[in-house]
Amino acid sequence: MTTVATISADIGKCQGYANCMVQAPDHFDLDDDGKVEIVNDAPSDIELDEVRAAVDSCPVRALALSS
Amino acid sequence: MSADAHAAGLLVVGGGIAGLRTAEEARSAGYSGTITILSEESVLPYDRPPLSKSILTGKSSLETITLLNAEQYADLRVDVLCGRRATSLDVASNTVHLDDGGDVSYDHLVIATGNSASKLPFATPAGVHTVRSLRDSEALRRALADAREVVVIGAGFLGAEIAASGVESGCAVTLVEAESLPLSRVMGPDVGAAIARLHATNGVQLRCDTSVAGFRGEGTVSGVELADGDILPADVVVVAVGARPNTHWLEGSGLRLDDGVVCDAHGRTNVAGVYAVGDVARWHDPDTGSHARHEDWTTAAAQGRSVGRLVASGEIEDGRASIPYFWSDQFGVKIQLLGSLTSRGLRIVHENPDAGTFAGVYLDDGDRVRGVLTFGEPRVLARCRPLVLTRAHLDDVASVIAAATSPRRVVEPAPATS
């Protein structure tokens with residue numbers, strides 16, 4: 001049984017620093033405005049550590065991971 | 001509440017990212033005592049990179065850049081003492097003296113007092129700005145709103161970002177730099193030339209190989225006089241010529257100071273129980289065998305986390321997992337550096353001449369990747385982390401770049417054979 005974690009972003013807080021996409025490029029991208037775009041909001045168990053590192057790396061705490 | 005009420009526990013002096021991360025990590029690693037952040041600013045700790053960008057253009061405000069609100073500090077059981085400055089340290093009695101006459105005692109002290117902007121050796125009339133705090137940045141934003149001609153002195157990342165923000169605010173901007181290209185001494189001539197082109201394309205007048213002889217104007221600045229005799233008219237002048245560590249208050253305390261607070265590789269000073277993190281700290285680097293002071297966001301946050309954990313649990317973090325990451329935004333172009341520069345300079349491995357973007361690597365003597373730099377190629381940078389993490393060989397770089405520059409998330413149909 002796997003729990004499904006979901007990534008969410010607060011676009012108002014995002015400054016487009018791209019720390020998240022450096023940590024987890026399969027899940028985060030930047031849109032044309034330079035704000036975070038979540039490419040895949042449901043990381044698998046294997047990807048979870050990488051995604052958690054990405055969420056933690058956000059300088060402005062614009063990302064959250066809920067399960 | 002009197003400052004004297006805060007007895008012992010962990011005292012963090014400085015409300016920047018290094019100080020905040022120290023407090024957060026100490027608590028999450030199980031520190032059970034009092035945690036206090038002392039900040040000379042009148043507002044709660046905020047994110048500083050926007051000070052040279054979106055605060056200047058009005059796209060961000062104190063509300064959007066505040067890192068944690070009062071409720072979140074209460075949840076963390078972290079007290080923030082705002083608007084008070086540490087004036088001296090007495091390591092014999094574990095006491096920090098404050099500018100309001102109060103004292104704060106500590107069991108563990110973390111020094112995170114950051115930098116102050118360096119000044120030019122001339123009398124400074126009104127209208128000459130530096131940017132280190134939100135207050136500085138808001139003052140400059142107001143000045144830019146009414147300004148027509150702006151001169152920015154110093155084309156480092158801070159000066160280049162401020163110049164770009166000045167153009168976005170509708171001002172005519174001249175950027176003055178003592179070297180022959182912006183940032184070339186740090187980043188190399190390719191990056192310097194690319195930044196120069198970017199600024200020229202966007203209307204910034206770049207004056208390189210030029211030093212400043214003084215300011216013009218009675219009371220209020222009216223221009224900048226250059227060493228070659230030229231005078232650049234200016235309503236607003238911004239001085240961005242580097243910064244000095246805020247160690248004034250530590251002189252005579254017994255802490256070892258040398259262009260910053262000298263620390264071992266884990267942030268410990270020569271006095272037991274006293275640590276330093278962020279811009280003010282000069283940590284030992286086992287890789288180079290010397291001490292270095294870093295002035296970037298990622299290092300500050302990583303040092304804070306590592307010292308927070310060390311104070312709470314005595315545990316030393318494995319620093320190898322964290323790679324330095326630096327970024328700058330100018331005219332919508334993201335300039336990113338992951339890892340470290342090397343003396344061999346930048347080797348360009350990917351270029352898109354139409355877009356003016358490129359990516360390059362910094363190699364060590366064994367042709368292994370120690371750093372990756374991208375100019376307007378955030379997707380390439382994002383794919384290069386494993387290269388830096390594993391110190392991949394130059395031969396392995398091309399395939400990673402190729403994968404990163406191919407269209408992503410789009411499965412192309414196989415070409416029809418005919």
Side-chain angles (χ1 to χ4, degrees), chain A, chain B residues 17 20-21 24-25 28 46-51 53-55 59-61 63-69 72 296-298 300-302 305 321-329 332-339 372 374 376-386 388-389 400 403-404 408-409:
Chain A
M1 170 85 199
T2 53
T3 51
V4 181
T6 310
I7 312 166
S8 60
D10 180 343
I11 298 299
K13 280 193 147 186
C14 177
Q15 295 279 343
Y17 294 149
N19 295 47
C20 53
M21 69 188 283
V22 173
Q23 293 286 338
D26 290 327
H27 292 85
F28 300 94
D29 198 355
L30 293 179
D31 67 14
D32 292 340
D33 295 330
K35 299 275 188 170
V36 64
E37 184 183 353
I38 297 170
V39 179
N40 168 356
D41 73 354
S44 68
D45 285 357
I46 291 170
E47 297 164 329
L48 208 53
D49 280 353
E50 181 179 289
V51 167
R52 194 169 286 129
V55 167
D56 288 345
S57 77
C58 178
V60 291
R61 299 279 195 259
L63 298 172
L65 188 63
S66 65
S67 53
Chain B
I17 192 67
L20 177 55
R21 287 288 183 272
E24 285 181 295
E25 185 66 24
S28 79
Y46 52 84
D47 187 38
R48 302 179 102 84
L51 298 184
K53 300 182 276 272
S54 55
I55 290 288
K59 286 180 190 152
S60 295
S61 62
E63 195 189 352
T64 49
I65 68 171
T66 296
L67 289 165
L68 298 178
N69 60 33
Q72 290 168 308
D296 65 281
W297 190 98
T298 325
R305 268 197 306 274
S322 92
I323 308 173
Y325 170 59
F326 174 85
W327 71 94
S328 175
D329 291 295
V333 173
K334 195 168 287 297
I335 303 158
Q336 297 163 287
L337 172 68
L338 187 67
V372 177
T374 56
E377 295 276 4
R379 284 173 189 158
V380 172
L381 197 280
R383 295 287 165 183
C384 288
R385 191 167 181 272
V388 182
L389 203 57
V400 171
R408 60 200 310 253
R409 283 181 290 137

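Throughout, protein chains are lettered first and strands after them, A, B, ... in sequence-line order, and every chain is numbered starting at 1. Remember, predicted model here, so these are calculated numbers, not experimental data.
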Contact part of B/Leu338 toward chain A, heavy-atom cut-off under 4.5 Å: side chain, backbone, both or neither? side chain
A/Glu50 bridged to B/Arg385 by N-O distance under 4.0 Å: no
Would you check if B/Leu67 and A/Arg61 make a side-chain contact, meaning some heavy-atom pair closer than 4.5 Å? no
Where A/Ala18 and B/Gln336 come nearest, the two heavy atoms and their spacing: CB-NE2, 3.6 Å
So what's closer than 4.5 Å to chain A heavy atoms on B/Leu68: side chain, backbone, both or neither? neither
Between A/Cys58 and chain B, which part of the residue has a heavy atom less than 4.5 Å away: side chain, backbone, both or neither? backbone
Interface moiety of B/Lys59 toward chain A, non-hydrogen atoms closer than 4.5 Å: neither
Distance-minimising heavy-atom pair for A/Tyr17 and B/Pro50: OH-CD, 3.1 Å
Heavy-atom side-chain proximity of B/Ser60 to A/Gln15 below 4.5 angstrom: yes
Closest contact, heavy atoms only, A/Pro59 versus B/Asp47: CB-OD1, 4.2 Å
Minimum-distance pair of heavy atoms, taken over all atoms of A/Pro25 and B/Ala382: CG-O, 3.4 Å
Heavy-atom side-chain contact between A/Val22 and B/Trp327 under 4.5 Å: no
Tell me, side chain or backbone of B/Glu63 under 4.5 Å from chain A's heavy atoms, or both, or neither? neither
Non-hydrogen atoms of chain A under 4.5 Å away: do they reach the side chain of B/Gln72, the backbone, both or neither? neither
Given that the side chain runs from C-beta out, which part of A/Asn19 has a heavy atom under 4.5 Å from chain B: side chain, backbone, both or neither? both
Where B/Lys334 and A/Leu30 come nearest, the two heavy atoms and their spacing: CE-CD1, 3.4 Å
